[in-house]
Amino acid sequence: MTDAAALPGQPRGGVLSGPATARAVNVLAPNPSAMTLDGTNTWILSEPDSDLAVVVDPGPLDDGHLRHVVATVEQAGKRVALTLLTHGHPDHAAGAARFAELTGTRVRALDPALRLGDEGLAAGDVITTGGLELKVVPTPGHTADSLCFHLPADRAVLTGDTILGRGTTVVAHPDGRLGDYLDSLRRLRSLTVDDGVHTVLPGHGPVLEDAQGAVEYYLAHRAHRLAQVETAVEDGYRTPGQVVAHVYADVDRSLWPAAELSVRAQLDYLVEHGLI
């Protein structure tokens, strides 16, 4: 068995659902897969002495899961006051409209198409609900509309699919762009260095106890993959499919379609920077 402390970001062991920090509780959605890992993490955030809660990423359109989230909030003596989305992929956002019906809340997101209500989300926004403070951090790259949420009181950041609790994420070409993604990782690194963030509350997988280690690993991984793709092209592998088969030969073939999205994003990056 591998020691969790030796893994990138020091993933926390044990049950995924339940309290993660003083202000964050996870309710795991029942949608496990190769892409979603154990399932989507739906985060309930609240000040300990407040009766108001914020829910981040209600998850898929699964009525049982959505009602379970509501019940978890109510069992804590609270009510949902606001719903937020890290991005619009269905495993995070498809249940948002139904969740809004169940809770009577607004849904705030970067993408206007995902919002319910007049308010969106933008870089620099500070959300205060029931004494809870969340800072909106723009992190495009996985998708163009990806956001993270900085929870200063817990020295934590909710990362959606920008950083996962296990493995690495996809740059979902063409919406996702590698240059944007690298900039976003550097932005998250600054949170760990300048703002003392040490905990990652990801959209999938376990909580990470070493946020800076996770970001550094992601940056190194991306640099390594990019170098591999550049070398593959130089060696005559021209199409995205050919590059995937060569560079990702050790990866489960069921993940190759997702890997091809990242390869396409890497090829675009190399062309834009005159490297191929």
Side-chain angles (χ1 to χ4, degrees), residues 12-32 38-86 91-109 114-121 125-137 147-160 165 196-209 211:
R12 184 183 299 176
V15 179
L16 294 176
S17 281
T21 68
R23 293 164 180 80
V25 174
N26 181 33
V27 179
L28 182 64
N31 62 332
D38 310 273
T40 301
N41 294 335
T42 294
W43 290 103
I44 300 168
L45 309 176
S46 179
E47 284 295 317
D49 59 353
S50 173
D51 62 353
L52 300 180
V54 175
V55 168
V56 178
D57 290 350
L61 184 54
D62 180 308
D63 215 58
H65 170 66
L66 301 176
R67 290 182 181 278
H68 184 201
V69 175
V70 174
T72 302
V73 173
E74 291 177 345
Q75 286 165 10
K78 304 174 186 288
R79 67 176 179 85
V80 180
L82 180 63
T83 303
L84 305 176
L85 298 177
T86 61
D91 56 313
H92 294 257
R98 174 59 178 150
F99 190 72
E101 289 180 359
L102 292 172
T103 59
T105 60
R106 296 165 294 145
V107 177
R108 294 181 64 180
L114 300 171
R115 301 171 189 168
L116 291 175
D118 296 330
E119 289 186 280
L121 293 171
D125 283 354
V126 178
I127 299 162
T128 54
T129 302
L132 182 80
E133 179 183 272
L134 284 175
K135 297 181 178 180
V136 177
V137 183
L147 298 171
C148 291
F149 298 102
H150 177 200
L151 180 55
D154 285 347
R155 297 171 64 190
V157 60
L158 289 87
T159 55
V197 167
H198 61 67
T199 302
V200 172
L201 306 177
H204 303 278
V207 171
L208 299 179
E209 306 282 8

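The only member of Thr159, Asn31, Asp91 that meets side chain to side chain donor-acceptor pair (under 3.5 Å) when paired with His204 is Asp91. Looking at Ile127, Leu147, Val55 one by one, the single match for side chain to side chain contact (heavy atoms under 4.5 Å, CB included) with Leu84 turns out to be Ile127.
Judged by distance alone, the side chain of Ser17 and the main-chain N or O of Leu28 form a donor-acceptor pair under 3.5 Å. Between the side chain of Asp125 and the main chain of Lys135, no donor-acceptor pair closer than 3.5 Å is present. Judged by distance alone, the side chain of Ser50 and the main-chain N or O of Ser46 form no donor-acceptor pair under 3.5 Å. A donor-acceptor contact shorter than 3.5 Å is absent between the side chain of Asn26 and the backbone of Trp43. Judged by distance alone, with hydrogens and angles left aside, the side-chain atoms of Thr128 form no donor-acceptor pair with the main-chain N or O of Gly131 at under 3.5 Å.
Side-chain contact between Arg12 and Leu208 is absent, with no heavy atoms from C-beta onward closer than 4.5 Å. Contact check for Val56 versus Leu45: side-chain heavy atoms found under the 4.5 Å cut-off. Phe99 places a side-chain heavy atom less than 4.5 Å from the side chain of Val70. Put simply, the side chain of Val136 does not reach to within 4.5 Å of the side chain of Val126, judged on heavy atoms.
Annotation for Ala100 and Val107: closest pair CB-CG2, 4.0 Å, computed over non-hydrogen atoms. Residue Gly59 comes nearest to Thr40 through the heavy atom pair CA-CG2, 4.3 Å, listed as atom of the first residue, atom of the second, then distance. Closest of all the heavy-atom pairs between Gly160 and Thr86 is CA-OG1, 3.7 Å. In terms of heavy-atom proximity, Leu16 sits nearest to Pro206 at CD2-CA, 3.4 Å. Taking both residues in full, the closest heavy atoms of Leu121 and Arg108 are given as CD1-O, 3.5 Å, listed atom of the first, atom of the second, then distance. Closest heavy-atom contact between Thr83 and Pro58: CG2-CG, 3.5 Å.
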Can you check side chain to side chain contact (heavy atoms under 4.5 Å, CB included) on Leu201 and Asn41, steps first, answer last?
CA-CA 9 Å; Leu201 306 177; Asn41 294 335; over 6 Å; no
How far apart are the C-alpha atoms of Glu119 and Arg106, what are their side-chain angles, what is the distance that settles it, and do they pass the salt bridge (charged side-chain N to carboxylate O under 4.0 Å, His left out) test?
CA-CA 8 Å; Glu119 289 186 280; Arg106 296 165 294 145; 2.4 Å; yes
Working note: Arg23 + Leu151, criterion side chain to side chain contact (heavy atoms under 4.5 Å, CB included); need CA distance, chi angles, decisive distance, verdict.
CA-CA 9 Å; Arg23 293 164 180 80; Leu151 180 55; 4.3 Å; yes
With side chain to side chain contact (heavy atoms under 4.5 Å, CB included) as the criterion, how do Lys78 and Leu52 come out once you've worked through the C-alpha distance, each side chain's angles and the decisive distance to 0.1 Å?
CA-CA 5 Å; Lys78 304 174 186 288; Leu52 300 180; over 6 Å; no
For the pair Val157 and Phe149, evaluate side chain to side chain contact (heavy atoms under 4.5 Å, CB included) and give the outcome as yes or no after the intermediate values.
CA-CA 6 Å; Val157 60; Phe149 298 102; over 6 Å; no
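How far CZ of Arg79 is from OG1 of Thr105: 10.0 Å, rounded to the nearest 0.5 Å. A distance of 10.0 Å separates CG in Leu66 from CD in Glu101, rounded to the nearest 0.5 Å.
Each salt bridge (charged side-chain N to carboxylate O under 4.0 Å, His left out) pair with one or both residues in residues 52-67, not counting sequence neighbours, appears once here: Asp63-Arg67, Asp63-Arg98.
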